[in-house]
Amino acid sequence: MSRPTSVLIDREAARRNLSAVRAMGGRARILAVVKADAYGHGMTAMAAAFSGADSLGVATLEEAACLREAGWKGGILLLEGVHQDADLAPAAQLACALVVHRDGQLAALEAWSGAPFSCWLKIDTGMHRLGFLPGEAAAAHQRLMACAAVAGPPVLMTHLANAQQRGHPSVRTQARLFDEVTAGWPGERSIANSAALLSHPDLHRDWLRPGLALYGVNPFEGEESPPQGLTPVMQFASGIIAVRDIPEGGSIGYGGNFTCPVDMRVGIVAAGYGDGYPAGDLTGAPIRVAGIDTRVLGRTSMDMLAVDLTPIPAAREGDPVELWGRGVSVASVARHAGSLPWALLCAARLRAARAELRAVEGGGAAPGVSAEIAGATWREA
Ligand SMILES: Cc1ncc(COP(=O)(O)O)c(C=O)c1O
């Protein structure tokens with residue numbers, strides 16, 4: 001690897017996170033959300049780490065096929081259901097369970113003569129993305145209950161729009177509406193994403209649907225450290241490729257967004273938005289050089305970004321940089337970028353080589369790995 005930039009995945013941390021989530025969830029079953037290449041962590045590696053999950057959640061048939069090819073034998077839920085009627089046949093072949101969120105999907109199931117599907121009925125209690133509105137849900141439920149292509153009562157689900165804001169009143173409003181609409185209906189219930197898992201034990205119900213928490217990242221707005229008991233799975237690492245002494249008044253990078261107020265030592269890091277680091281003026285975003293916390297300066301480029309080396313006067317070319325991971329929270333970088341940790345994780349795979357941490361004592365560290373997790377070995381994933 002000529003360039004010291006890599007996305008390092010700690011599969012063991014993912015496995016431990018799942019165990020921790022299971023302990024938080026009590027008797028609830030876990031649908032581990034692995035769509036979008038497991039939020040950029042690598043779907044097949046994460047499926048192996050989540051082998052203890054009760055099911056996996058994906059967005060597309062292609063993702064389901066990839067999981068089956070990799071040998072996943074457990075349940076797979078298509079979180080958007082099938083996108084067209086013709087997708088029922090491959091969904092059946094892949095033994096997928098289906099979310100049903102609109103009339104067209106009901107009609108396709110009513111015309112299906114193959115083996116029955118497990119279904120999840122999605123009720124829109126206020127997010128207004130997918131699902132039957134409360135006034136439509138009873139009719140949809142009756143049709144699913146009467147449909148020969150549906151195996152058993154559907155799991156009843158809804159999705160929360162604001163659980164990531166602690167104390168947001170709409171969480172209670174949505175949950176109350178869900179309970180009112182589904183009162184007396186047979187079947188299991190599912191409400192909680194990561195944020196509700198962590199903050200609303202009364203909403204755990206029968207199935208939890210965590211994504212972000214399993215990757216060890218905090219879902220709450222304004223909170224940056226990993227949730228208690230969870231460890232970030234991804235370490236986005238790079239290295240210093242140039243150390244520059246810039247005189248007072250010099251400005252840094254495209255657009256000159258940052259001007260040095262005094263003579264400054266500046267490091268150039270071999271990572272930019274072409275590697276999935278956010279684009280834009282990231283001045284002030286946390287970053288770690290040789291194990292010491294510092295900040296990004298100015299606008300990021302496609303392949304490079306600049307860091308303030310004032311706290312690290314001895315910094316040299318080749319020093320490791322942590323863009324995010326266990327030392328630098330991806331949530332904090334996301335806040336500086338005006339983005340979200342989900343988006344940053346998904347992006348951090350564009351070009352950077354992905355390697356996997358193997359918890360082997362005494363191994364050597366990959367280039368760019370910061371001190372905390374050096375001492376384990378890495379291999380290409
Ligand atoms: C329906 C549904 N459930 C659960 C999740 C997981 O959400 P989170 O990553 O916030 O836990 C998602 C993610 O987008 C989703 O769409």
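Remember, it's 1-based here, ligands and their atoms both numbered in the order they're listed. Just so it is clear, the model here is predicted, and its values are computed rather than measured.
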- Task: Examine His101 together with Phe132 and report whether their ring centres are nearer than 6.0 Å.
- Result: no
- Query: Just which atoms of ligand 1 are under 4.0 Å from any heavy atom in Arg129?
  - Reply: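 In order of number, 16 (O).
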Check: [Y] and [X] side chains under 4.5 Å, non-hydrogen atoms:
X: Val243; Y: Glu317; answer: yes
X: Leu305; Y: Leu282; answer: no
X: Val150; Y: Phe117; answer: no
X: Tyr277; Y: Val269; answer: no

Students should be able to answer this: which protein heavy-atom is nearest to [atom], and at what distance?
atom: atom 11 (O) of ligand 1; answer: Ser194 OG, 2.5 Å
atom: atom 2 (C) of ligand 1; answer: His159 CE1, 3.3 Å
atom: atom 9 (O) of ligand 1; answer: Tyr39 OH, 2.6 Å
atom: atom 3 (N) of ligand 1; answer: Arg209 NE, 2.9 Å

- Geometric cation-pi criterion, Arg166 with Phe220: 6.0 Å, 45°: yes
Do any nitrogen or oxygen atoms of [X] lie less than 3.5 angstrom from nitrogen or oxygen atoms of ligand 1?
X: Trp342; answer: yes
X: Pro210; answer: no
X: Leu212; answer: yes

- Message: Would Asn162 and Ser170 count as a side-chain hydrogen bond (donor to acceptor under 3.5 Å, both in side chains) here? Give the steps.
- Response: CA-CA 7 Å; Asn162 295 302; Ser170 78; 2.9 Å; yes
- Query: Out of curiosity, is Lys35 lining ligand 1, as in a heavy atom under 4.0 Å away?
  - Reply: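 It does; at least one heavy atom falls under 4.0 Å.
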